[in-house]
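Step one of this worksheet: look at the structure below.
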Amino acid sequence: MTESASIGTGTVRRSSHFVPGANERMLEKSIATDADSLVLDLEDAVTPDNKDSARTTVAGWLADVDFGAKERVVRINPLDSPWCAADIAETMVSPPDAYLVPKVNNAAEVAQLDSMIARWEAEHGHPSGGVVLLVLGTETPQGLLNIGELARHDRVDALSWGAEDLSAAMGSKANRDATGAYLPVFEYARVMCLVGATAWGKQPLDTVFVDFRDDDGLAAECATSAAMGFTGKITIHPAQIDIVNAAFTPSDAEMADARELLEAFAEAEAAGLMAFAHKGQMVDVPHLTRARKIVATAEAIAARS
């Protein structure tokens, strides 16, 4: 794989929902939800003693379970752990659609993971580059420092971030203030994830909202996230999925406005204009780009359904 500013696959990934590895009951419940992606977790949800058995179970799910239209993602263990190589080797027999990679420190590690996956793609006759990477880019201080390069590789399709691991690594007592807002360093990590992903045309995927009982707080955070430019969010409880999906799905009003603006641009361009007054404000190329993205997102979601 080469490194370039390639565009991602266009996978609809509003909600990426965690499923503990080897928990059959939770897998069945998750498949029945409207999550776009299911993240089969071999890292934090599995104790060291159960890593091997969980890996074998998840590999079996990939081979035998019908996930329908849902993206099949495996969160592997970190590259420097004793389990990462085996996670990839065993699950590449019947490969997932993507790997969620935790605690990435730099672009060299992304390239190393690409080489490992490419080896098994060739070994088993799978399409080259068919398995993409969703990179967790701020779980270590080094990862945050190098966030601008982590999404550069062709195999990377999305960049996400994490406050919990980063706060533990830095010795922070908390990652939010008394009002629930992220403390400055963690808001910086969030912002840089967004910038780092979009700089290379990859999906920016917002991190988890850990208080799964606070629906209002989740909805508010999703609204801010979507306004910033994130296009999806990781979920940890089934009750979060519909809230997240709604936040990252263009509303009927947004779609109507976008289509109207596209028609206005078509008329203006025919008259030789690319900047003009529309509904009381001046619009130009950035507004056109935004409208096209809204329509493309809605059409991709509709096609998935």
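Keep in mind it's a predicted model, so treat the numbers as computed, not measured. Every heavy atom of this structure was used, including side-chain atoms; hydrogens, water molecules and symmetry mates were not.
Defined by atom type and a distance below 3.5 Å, a donor-acceptor pair is missing between the side-chain atoms of Asp49 and Thr47. Side-chain polar atoms of Thr235 and Gln240 form no donor-acceptor pair below 3.5 angstrom. Remark: the Gln203 side chain and the Thr231 side chain contain an N/O donor-acceptor pair separated by less than 3.5 Å.
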Stepwise side-chain contact (heavy atoms from CB on, under 4.5 Å) check, Asp214 with Phe209: CA-CA 9 Å; Asp214 183 3; Phe209 186 82; 3.9 Å; yes
Ile76/Leu100 under side-chain contact (heavy atoms from CB on, under 4.5 Å): CA gap, chis, key distance, verdict: CA-CA 6 Å; Ile76 57 177; Leu100 181 63; over 6 Å; no
Worked verdict on Asp80 versus Lys103 for salt bridge (Lys or Arg N to Asp or Glu O under 4.0 Å): CA-CA 9 Å; Asp80 63 355; Lys103 299 178 178 64; over 6 Å; no
side-chain contact (heavy atoms from CB on, under 4.5 Å) assessment of Ile31 paired with Leu38: CA-CA 8 Å; Ile31 288 176; Leu38 294 184; 3.8 Å; yes
side-chain contact (heavy atoms from CB on, under 4.5 Å) between Leu218 and Val244, worked out: CA-CA 8 Å; Leu218 172 63; Val244 169; 4.2 Å; yes
Step-by-step side chain to side chain donor-acceptor pair (under 3.5 Å) determination, Arg14 to Thr249: CA-CA 8 Å; Arg14 297 166 298 175; Thr249 300; 2.7 Å; yes
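For Ala247, the side-chain contact (heavy atoms from CB on, under 4.5 Å) partners two or more places apart in sequence, or in a different chain, are Cys222. Considering only residues two or more places apart in sequence or on other chains, Phe265 meets the ring pair (Phe, Tyr, Trp, His ring centres under 6.0 Å) condition with Phe276. Every side chain to side chain donor-acceptor pair (under 3.5 Å) that Asn175 has, sequence neighbours left out, goes to Glu164.
Asp97 has no carboxylate O lying under 4.0 Å from a charged side-chain N of Lys70, or vice versa, which leaves the two without a salt bridge. Classification of Lys202 and Asp157 as a salt-bridged pair fails, no side-chain N sitting under 4.0 Å from a carboxylate O. With salt bridges taken as basic N to acidic carboxylate O contacts below 4.0 Å, none links Lys51 and Asp87. Using a 4.0 Å cut-off between charged nitrogen and carboxylate oxygen, Glu254 and Lys293 do not count as a salt-bridge pair. The pair Arg13-Asp36 fails the salt-bridge criterion, with no side-chain N (NZ, NE, NH1 or NH2) lying under 4.0 Å from an Asp/Glu carboxylate O. For Glu28 and Arg25, the salt-bridge test fails: no basic side-chain N is under 4.0 Å from an acidic carboxylate O.
Val101 approaches Leu133 most closely through the heavy-atom pair CG2-CD2, 3.7 Å. Considering every non-hydrogen atom in both His153 and Val110, the closest pair reads CB-CG1, 3.7 Å. Nearest heavy-atom pair across Ile147 and Gly137 is CD1-O, 3.6 Å. Residues Val295 and Ala258 share a closest heavy-atom pair of CG2-CB, 3.9 Å.
A donor-acceptor contact shorter than 3.5 Å is absent between the side chain of Ser225 and the backbone of Glu221. Judged by distance alone, the side chain of Thr198 and the main-chain N or O of Gly201 form no donor-acceptor pair under 3.5 Å. In terms of modelled atom types and a separation under 3.5 Å, the side chain of Asp177 and the main chain of Ala181 share a donor-acceptor contact. Looking at Glu121, its side chain does come within 3.5 Å of a backbone N or O of Gly129 through a donor-acceptor pair. Judged purely by atom type and a 3.5 angstrom limit, Arg155 uses its side chain to pair as donor or acceptor with the backbone of Val131. Remark: the backbone N or O of Gln142 is paired with a side-chain donor or acceptor of Asn146 at under 3.5 angstrom.
Relative to the ring axis of Tyr182, Arg176 places its NZ or CZ within 45° and under 6.0 Å from the centre.
Among residue pairs with one or both ends in residues 114-144, those qualifying as ring pair (Phe, Tyr, Trp, His ring centres under 6.0 Å) are Trp120-His124, His124-His126; sequence neighbours excluded.
Taking 4.5 Å as the limit, some side-chain heavy atom of Tyr99 sits within range of a side-chain heavy atom of Ile117. Using a 4.5 Å cut-off on side-chain heavy atoms (C-beta onward), Lys279 and Asp257 make contact. With a 4.5 Å cut-off on side-chain heavy atoms, Pro238 and Phe212 do not count as touching. The closest side-chain heavy-atom distance from Ser16 to Leu205 is below 4.5 Å. When side chains are defined from C-beta on, Val73 counts as touching Ser37, because their heavy atoms get closer than 4.5 Å. Side-chain contact between Val39 and Leu134 is absent, with no heavy atoms from C-beta onward closer than 4.5 Å. Taking the side chain as every heavy atom from C-beta outward, His278 and Glu260 approach each other to under 4.5 Å. The side-chain heavy atoms of Val74 and Leu42, taken from C-beta on, include a pair separated by under 4.5 Å.
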Side-chain polar contacts of residues 56-65 - donor-acceptor pairs under 3.5 angstrom, sequence neighbours left out - could you list them?
{"from": "Thr56", "atom 1": "OG1", "to": "Asp52", "atom 2": "O", "distance (Å)": "3.2"}
{"from": "Thr56", "atom 1": "OG1", "to": "Glu90", "atom 2": "OE2", "distance (Å)": "2.8"}
{"from": "Thr57", "atom 1": "OG1", "to": "Ser53", "atom 2": "O", "distance (Å)": "3.1"}
{"from": "Trp61", "atom 1": "NE1", "to": "Glu24", "atom 2": "OE1", "distance (Å)": "3.3"}
{"from": "Trp61", "atom 1": "NE1", "to": "Glu24", "atom 2": "OE2", "distance (Å)": "3.1"}

Please report, to 0.1 Å, the donor-acceptor pairs under 3.5 Å made by any side chain of residues 185-194, with sequence neighbours excluded.
{"from": "Arg190", "atom 1": "NH2", "to": "Asp206", "atom 2": "OD2", "distance (Å)": "3.1"}

